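Report on the following structure.
These figures come from a predicted structure and were not determined experimentally.
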Amino acid sequence: SKMELHLLFYLILQITLVQGWWFVRDSVEYPHIGSFDKEAPFDDFPLPQSPSHINIQFLLFTRKNSQTSQQLDPYNANTVSSSNFDGAKKTFFVTHGYQSDWQSPYFPKMKDELLIKDDYNVILVDWEGGADNYLDYEQSASNTRVVGATIGEMMISLVSSQGASYNRFHLIGHSLGAHVMGHAGAYVNGAPWQITGLDPAGPSFENTDPRVRLDPSDAQYVEVIHTDGNWQQLGFGLVQDIGHTDYYVNGGDNQPGCSQDYFEHLFTLIIGKIDEFADGIACS
């Protein structure tokens with residue numbers, strides 16, 4: 001009957017749309033940095049969000065502009081040539097992790113200390129739009145791929161347009177930011193001189209394929225500082241050694257001055273003090 005034919009057509013259409021949706025969602029492609037898929041070893045992650053959604057920013061500080069940033073664009077050489085960036089000097093890329101941004105207190109402090117030490121180029125990388133998935137850590141973890149690739153494009157631009165050298169690039173990342181820098185180094189085939197991973201994130205990265213996380217092939221020298229690896233105390237750092245050199249400060253788990261009381265942290269979460277909970281479990 002006509003009704004049966006209409007019903008059959010409708011079912012075929014729905015199946016086609018659903019299968020097509022799954023096909024499209026198996027990969028995404030973004031300008032400049034290419035395609036990203038869910039094939040192994042990334043099959044446990046959602047697809048990364050777009051650079052425009054993540055809103056990746058490169059904020060340059062030098063001794064000439066130690067307190068006011070100059071914004072760089074990897075795809076607009078004029079933003080670099082008109083800035084205080086000096087290709088002859090050492091360049092630090094510094095980035096944050098989950099639920100954070102470049103204005104978190106320790107990043108400006110790190111920038112200030114670096115510029116006290118020497119006249120460097122210090123580029124703070126902000127990806128708050130991709131790190132601030134409050135209820136979806138896995139999405140933020142996946143976004144490290146796109147942020148790393150974009151940093152890779154920034155490095156390529158600095159080398160090609162400003163005479164910078166990969167041998168003068170030092171990448172520093174905290175938590176998920178450590179894996180961001182791993183992807184950045186991999187994007188340029190491990191060319192950067194050094195990566196420092198500050199307590200790399202453990203969830204979704206512990207004992208995974210090196211392509212997923214920071215590993216020794218991502219730079220000429222990779223050092224990792226572990227400070228919060230005790231999962232039994234709600235530690236979120238990675239425990240395994242993943243660098244050329246791994247430091248386990250005070251054993252690599254709980255740090256002096258930080259609460260080790262699991263129930264205290266849990267209580268602050270239950271009563272809705274989210275900020276206090278986050279500060280407590282992130283203390284180490």
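The line from CG of N189 to OG of S217 is 9.5 Å long, rounded to the nearest 0.5 Å. The distance from atom CD of Q49 to atom CG of N55, rounded to the nearest 0.5 Å, is 12.0 Å. Here CZ of F61 is found 11.0 Å from CD1 of I123. Values are rounded to the nearest 0.5 Å. Here CD of E128 is found 13.0 Å from CD1 of I56. Values are rounded to the nearest 0.5 Å. Note: L176 CG to S140 OG = 6.5 Å, rounded to the nearest 0.5 Å. The distance from atom NZ of K111 to atom CG of L60, rounded to the nearest 0.5 Å, is 11.0 Å.
Residue H226 comes nearest to L238 through the heavy atom pair ND1-O, 2.7 Å, listed as atom of the first residue, atom of the second, then distance. In this structure, D228 and S284 approach most closely via the heavy-atom pair OD1-CB, 3.4 Å. In this structure, R145 and P48 approach most closely via the heavy-atom pair NH1-CD, 4.0 Å. Here the closest heavy-atom approach between residue N250 and residue Q255 is recorded as ND2-OE1, 2.8 Å. When all heavy atoms are compared, the tightest approach of V239 to E206 is N-OE1, 2.8 Å. The two residues G257 and C283 come nearest to each other via the heavy atoms O-SG, 4.3 Å.
Residue pairs meeting the side-chain hydrogen bond (donor to acceptor under 3.5 Å, both in side chains) criterion with at least one member in residues 147-173, sequence neighbours excluded, are E153-Y187, N167-Q220, H170-T196. Screening residues 64-91 for salt bridge (charged side-chain N to carboxylate O under 4.0 Å, His left out), with sequence neighbours left out, gives D86-K89, K89-D119.
Put simply, I242 and F42 are part of the same group of oily side chains (I, L, V, M, F, W, Y) that touch within less than 4.5 Å, one to the next. I195 and Y248 fall into different hydrophobic clusters, where Ile, Leu, Val, Met, Phe, Trp and Tyr side chains are chained together by heavy-atom contacts under 4.5 Å. No continuous path of hydrophobic side-chain contacts links V224 to W193 [ILVMFWY only; heavy atoms under 4.5 Å]. Under the 4.5 Å side-chain heavy-atom criterion for Ile, Leu, Val, Met, Phe, Trp and Tyr, L114 and W102 are members of the same hydrophobic cluster. The cluster map of Ile, Leu, Val, Met, Phe, Trp and Tyr, joined by side-chain heavy atoms under 4.5 Å apart, puts F107 and V180 in different clusters.
In this structure, a donor-acceptor pair under 3.5 Å is present between the side chains of N121 and T91.
Looking only at distances, a side-chain donor or acceptor of Q240 sits under 3.5 Å from a matching main-chain atom of N207. A donor-acceptor pair under 3.5 Å is absent between the side-chain atoms of S27 and the main chain of F36, judged by distance alone. Without hydrogens or angle criteria, S142 side chain to Q139 main chain gives no donor-acceptor distance under 3.5 Å. Between the Y98 side chain and the A141 main chain, no donor and acceptor come within less than 3.5 Å of each other.
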Checking side-chain contact (heavy atoms from CB on, under 4.5 Å) for the pair F236/D199: CA distance, chi angles, key distance, verdict?
CA-CA 8 Å; F236 287 98; D199 200 45; over 6 Å; no
Carefully, step by step, assess V125 and M154 under the rule side-chain contact (heavy atoms from CB on, under 4.5 Å).
CA-CA 11 Å; V125 183; M154 188 77 253; over 6 Å; no
Chi angles and distances behind the side-chain contact (heavy atoms from CB on, under 4.5 Å) call for L59, Q70
CA-CA 6 Å; L59 305 163; Q70 295 176 328; over 6 Å; no
Apply side-chain contact (heavy atoms from CB on, under 4.5 Å) to the pair L124 and S69, showing each step before the final yes or no.
CA-CA 9 Å; L124 301 186; S69 67; over 6 Å; no
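Aromatic ring pairs are classed by plane angle as parallel below 30°, tilted from 30° to 60° and perpendicular above 60°; the pair W127 and H96 is parallel. Aromatic ring pairs are classed by plane angle as parallel below 30°, tilted from 30° to 60° and perpendicular above 60°; the pair F205 and F45 is tilted.
Using a 4.5 Å heavy-atom threshold, the side chains of R213 and P200 count as separate. Counting only heavy atoms from C-beta outward, the side chains of Y106 and H174 approach each other to under 4.5 Å. For the pair P31/Y75, no side-chain contact is recorded, criterion being any heavy-atom separation below 4.5 Å from C-beta on.
Annotation: side chain to side chain donor-acceptor pair (under 3.5 Å) contacts of T62 (sequence neighbours excluded): N65. With sequence neighbours excluded, the residues that form a side chain to side chain contact (heavy atoms under 4.5 Å, CB included) with D118 are Y120. In terms of the side chain to side chain contact (heavy atoms under 4.5 Å, CB included) criterion, residue partners of Y221 (sequence neighbours excluded) are, by chain and number, Q194, E223, H244, T245, Y247. Partners of F93 according to the ring pair (Phe, Tyr, Trp, His ring centres under 6.0 Å) rule, which considers only residues two or more places apart in sequence or in another chain, are F169.
When each of I151, I172, V147, D218 is checked for a side chain to side chain contact (heavy atoms under 4.5 Å, CB included) with M181, only I151 meets the rule. Residue R211 forms a side chain to side chain donor-acceptor pair (under 3.5 Å) with just one option from D215, T208, D209, and that option is D209.
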